[in-house]
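Order of appearance sets the numbers: ligands from 1, and atoms from 1 within every ligand. Residue numbers run from 1 in the order of the sequence given.
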Amino acid sequence: MNTIDKIREHRDLTRDELELILTTDNRDAVEYLRQSAREVADGVYGNKIFMRGLIELSSYCRNDCLYCGLRRSNSEAVRYRLTEEEIYECCATGYKLGFRTFVLQGGEDGWFDDNRMCDIVAAIRRQYPDCAITLSLGERSRDSYQRLYDSGANRYLLRHETADPAHYARLHPSEMSFDNRMRCLQDLKEIGFQVGCGFMVGSPYQTVETLWQDLQFIRSFQPQMVGIGPFIPASGTPFADRPAGSVETTLRLLSLIRLLHPPVLLPATTALGTLHPRGRELGILAGANVVMPNLSPREHRKDYSLYDNKLCTGDEAAECRVCLDRRIRTTGSQLVVDRGDAPTAKLKVENLLN
Ligand code: SAM
């Protein structure tokens, strides 16, 4: 518990402290970690939980990440792509349900080139000036990111996947590079996006060492958002037979990230909900403060299949606001209708208004 207090105070931890926290079976210590993280989250955001409406644009992908069910060489994957009209309908449904952030995510699909994507972003921006537009479209050129930002996008999610270059090389084909991933993150930040990085917990070849590097990367990069969730094997991929990441380890890492970087927007991810029936509630109890229900058209949800058995029709669906409200209330937190910006961005807006 002294270690946890120290991490909270200094916002840092050693590799050995990380190992201790990830391996301890002292239930009191784990509960203390969880409570400390929740206190820190409440200190920054109160008991508010922000919701983002996830719109999965396309299951086509030019990349071949070894872990992902959407990888181009997965011949088992069913491919679809939303039309612009379908995307706007998702936003309209989401807005009525109280969503004030739309997350447009997809495989790296050349159909959504800069012209098309900028038109879509601009149209959403015009229609919903009070909403945040988050993009998660993978690696693009700096110029492309700049154009998307100028069209009205505010945030960009691009998980770094691992902060260890050798580990990165074991998870990706040789044409993808760690340096380019880092270049993208840096460009996004410099352009002015609120940026999210993140990684899978329990990805093949992950070690305490690589996780420690991930946490150090988060400390130095200071992203506004961090997305972490357990790795879940996907059929038709080279890692189909690998074991899934652990829910418990994911929860401990969520708590640690909250202690190391208090203002972070931290989702309790669908992957966590897929591995445990109360995964997202447990994530919130461990310090998460964002949920991202699915706003994609129902008929396509099962085909955005990053991993096997992905939740797609139950309470995680955006339509089920009432169920989600109820679930979140069991954690003592409260779902709010709000853009849910990171505190620094909010301050900037307030400064502009004053
Ligand atoms: N193409 C975009 C990108 O690269 O950021 C966005 C889509 S990508 C499928 C979104 C995230 O899904 C990845 O960053 C990865 O961490 C996660 N993911 C992919 N395969 C997964 C798996 N088998 N288990 C858990 N998460 C996975």
Between Tyr145 and Arg140, which heavy-atom pair has the shortest distance, and what is it?
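For Tyr145 versus Arg140, the nearest heavy atoms are OH-N, 3.0 Å.
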Check Ala29 against Ile4 and note the closest heavy-atom contact, atom names and distance.
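Residues Ala29 and Ile4, closest heavy atoms: O-CD1, 3.4 Å.
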Could you tell me whether ligand 1 has any atom less than 4.0 Å away from a heavy atom of [X]?
X: Gly245; result: no
X: Gly106; result: yes
X: Arg62; result: no
X: Tyr156; result: no

Would the distance check show the side chain of Tyr156 and the main-chain N or O of Lys189 forming a donor-acceptor pair, the cut-off being under 3.5 Å?
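Flag not set: sc Tyr156 to bb Lys189 has no pair under 3.5 Å.
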Go through the structure and list residues passing side chain to side chain contact (heavy atoms under 4.5 Å, CB included) with Arg159, not counting sequence neighbours.
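Glu161, Met200, Thr269.
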Do you see a donor-acceptor pair shorter than 3.5 Å between the side chains of Asn115 and Arg147?
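Note: Asn115 and Arg147 side chains meet the donor-acceptor criterion.
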Quiz question: by atom type and distance under 3.5 Å, do the side chains of Asn294 and Ser296 form a donor-acceptor pair?
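Looking only at side-chain atoms, Ser296 and Asn294 do form a donor-acceptor pair, the distance falling under 3.5 Å.
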Hey, does [X] come in under 3.5 Å of ligand 1, counting only N/O atoms on both sides?
X: Tyr307; result: no
X: Met200; result: no
X: Tyr67; result: yes

Heavy atom of the protein closest to atom 14 (O) of ligand 1 (residue, atom name, distance):
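Result for atom 14 (O) of ligand 1: Glu161 OE2, 2.5 Å.
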With sequence neighbours excluded, tell me which residues meet side chain to side chain donor-acceptor pair (under 3.5 Å) with Glu299.
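None.
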SB check Arg183 Asp187 (cutoff 4.0 Å):
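Yes.
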Can you sort out which atoms of ligand 1 are near [X], meaning under 4.0 Å from one of its heavy atoms?
X: Leu158; value: 5 (O)
X: Pro230; value: 25 (C)
X: Cys68; value: 9 (C), 19 (C), 20 (N)
X: Ser136; value: 6 (C)
X: Arg159; value: 14 (O), 15 (C), 16 (O), 17 (C)

Is it the case that over 12 heavy atoms from other parts of the model lie below 6.0 angstrom from the CG atom of Asp130?
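Check passes, neighbour count above 12.
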Answer yes or no for atom 16 (O) of ligand 1: protein heavy atom present at a distance under 4.0 Å?
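Neighbour list for atom 16 (O) of ligand 1 includes protein heavy atoms (cut-off 4.0 Å).
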